[in-house]
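Structure, as C-alpha cells:
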Amino acid sequence: MLASPVMERHLYSIRMHASLGGRHLSGAEHLAPFEDLEELAAALVRRALTHPGGRAEQVTISIDPVVAETIRQSRLPDVRTVRVVDWEQGRQTALHWLKVAGVTESAAWTAMQAMQQGGAPDGTSMRGAMLVDVVSGERLELDHARGVRVSRMDLTLEAEQALRAALVSRNLDNPHVREALILAGKVLMTPGVVAELCWSDDPDYTAGYVAAPGFGYVRFPHLKPLGEGRGGRAFFFAREGFNLDQVVTFLEKEAVLFTRPGRFLRDMEAGE
Ligand code: PML
C-alpha cells in the first residue's frame with residue numbers, strides 16, 4: 001500500500017508465492033516504492049512460513065519495476081453480503097447472481113462443478129483462475145493446472161484505511177475480504193469480462209462471491225462446506241471479441257492501483 005502520490009514515484013511490484021509438497025499454498029503481493037521493499041519482503045516471507053495450511057517449503061519473492069505512468073487508478077467495487085444458511089443455498093444464490101450478470105445457467109453450473117472438483121486436471125485447486133465461455137462453459141485458458149494469475153494490483157494507504165474502517169464496522173476486516181476485493185476490482189476492469197465466481201481454497205473459510213461490472217462484489221458467507229480445501233476462481237467472458245493474449249496480459253502484467261473503496265450496500269436475504 002502506498003503512502004504518497006503515485007505518479008511521481010518509481011514503483012515496484014513485489015510478489016510472494018509459496019508452495020508445500022509441490023502444491024500452491026499461498027500468494028500475496030503489493031505495489032510499493034523502493035524504500036518499502038525490504039520490510040514488505042520480510043512480511044511476505046513471514047506470511048508464507050506461518051500459513052494456517054502448513055509451513056511453506058518453497059517461497060519465491062519476485063520484484064519488478066513498474067513504470068509509474070502506466071499504472072491505472074480506479075475505485076474498488078461496491079460490496080454487498082447476501083445471507084445464506086448453508087453452502088447449498090449459497091451455490092443456488094450465486095447461480096442466480098451469475099445469471100443476472102449474463103452467464104448462462106449451464107456455463108455457471110459447469111464452472112461450479114469444475115471448481116468443486118479442484119479445477120486442475122489432477123483434482124487439486126488451480127494456482128490461478130479458469131477463463132470460461134459465458135454461454136457454453138468451455139474453458140478458454142491454455143494451461144488448466146496453472147490458470148491465469150491476477151497480479152500487479154494494490155490499494156493506496158488512504159484507500160486501505162478507509163476500506164478497513166468500513167470493513168471493521170461490519171466485522172469483515174480480514175485478509176480474505178480485503179485481498180479478494182482488490183483482485184475482483186482488477187478483474188472487473190478486464191476488457192470483455194462478464195462476471196467472476198470465487199470461493200476460498202482455505203479449508204477454514206467458507207465464503208465466496210460473484211462479481212460483475214453491473215453490480216460489483218456480492219459475497220455469500222457459505223459457498224462450500226467447512227473443511228473443503230478445493231476452491232478457486234472462474235472469470236466468464238463472451239466469446240465475441242475475446243482476445244486471450246489481451247486478457248492474460250491485462251490480468252497478469254498491467255498495474256492497477258485502487259485509490260478509493262466502493263460503497264457498502266445493505267445486506268440481503270437469499271430469496272430477496
Ligand atoms: C480467498 O480466500 O482467497 C477468497 C475469499 C473469497 C471471499 C472473501 C469474502 O469473504 O468476501
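Throughout, numbering of the chain's residues begins at 1 and tracks the sequence.
Within a 6.0 Å sphere centred on CZ of R23, other residues, nucleotides and ligands contribute 12 heavy atoms or fewer. Residue Q113 places its CD atom among more than 12 non-hydrogen atoms of other residues, nucleotides or ligands, all under 6.0 Å distant. Heavy atoms from other residues, nucleotides or ligands lying under 6.0 Å from CD of E269 number more than 12. Heavy-atom contacts from other residues, nucleotides or ligands closer than 6.0 Å to CG of N171 number 12 or fewer.
A donor atom on one side chain and an acceptor atom on the other are found under 3.5 Å apart for E196 and Y209. At a cut-off of 3.5 Å, with distance as the only test, no side-chain donor of S13 or E29 sits close to an acceptor on the other residue. Between the side chains of D86 and H222, no donor-acceptor pair of N or O atoms lies under 3.5 Å.
For the pair K186 and F258, the cation does not sit on the ring face, since its NZ or CZ is not both under 6.0 Å from the ring centre and inside 45° of the axis.
With sequence neighbours excluded, the residues satisfying side-chain contact (heavy atoms from CB on, under 4.5 Å) with L20 are L25, E57. For H96, the side-chain contact (heavy atoms from CB on, under 4.5 Å) criterion is met by V100, not counting sequence neighbours.
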Could you pull out every donor-acceptor pair under 3.5 Å between side chains of residues 60-68 and any protein atom, sequence neighbours left out?
| unit_1 | atom_1 | unit_2 | atom_2 | d |
| --- | --- | --- | --- | --- |
| D64 | OD2 | R15 | NH1 | 3.1 |
| D64 | OD2 | R15 | NH2 | 2.7 |
| D64 | OD2 | R152 | NH2 | 3.3 |

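Between E252 and R146 a salt bridge is recorded (basic side-chain N to carboxylate O distance below 4.0 Å).
Taking the six-membered ring where the residue is Trp, H17 and H24 present parallel rings, their angle staying beneath 30° rather than reaching 60°.
Taken together through direct or relayed side-chain contacts under 4.5 Å among Ile, Leu, Val, Met, Phe, Trp and Tyr, L188 and L140 form parts of separate hydrophobic clusters.
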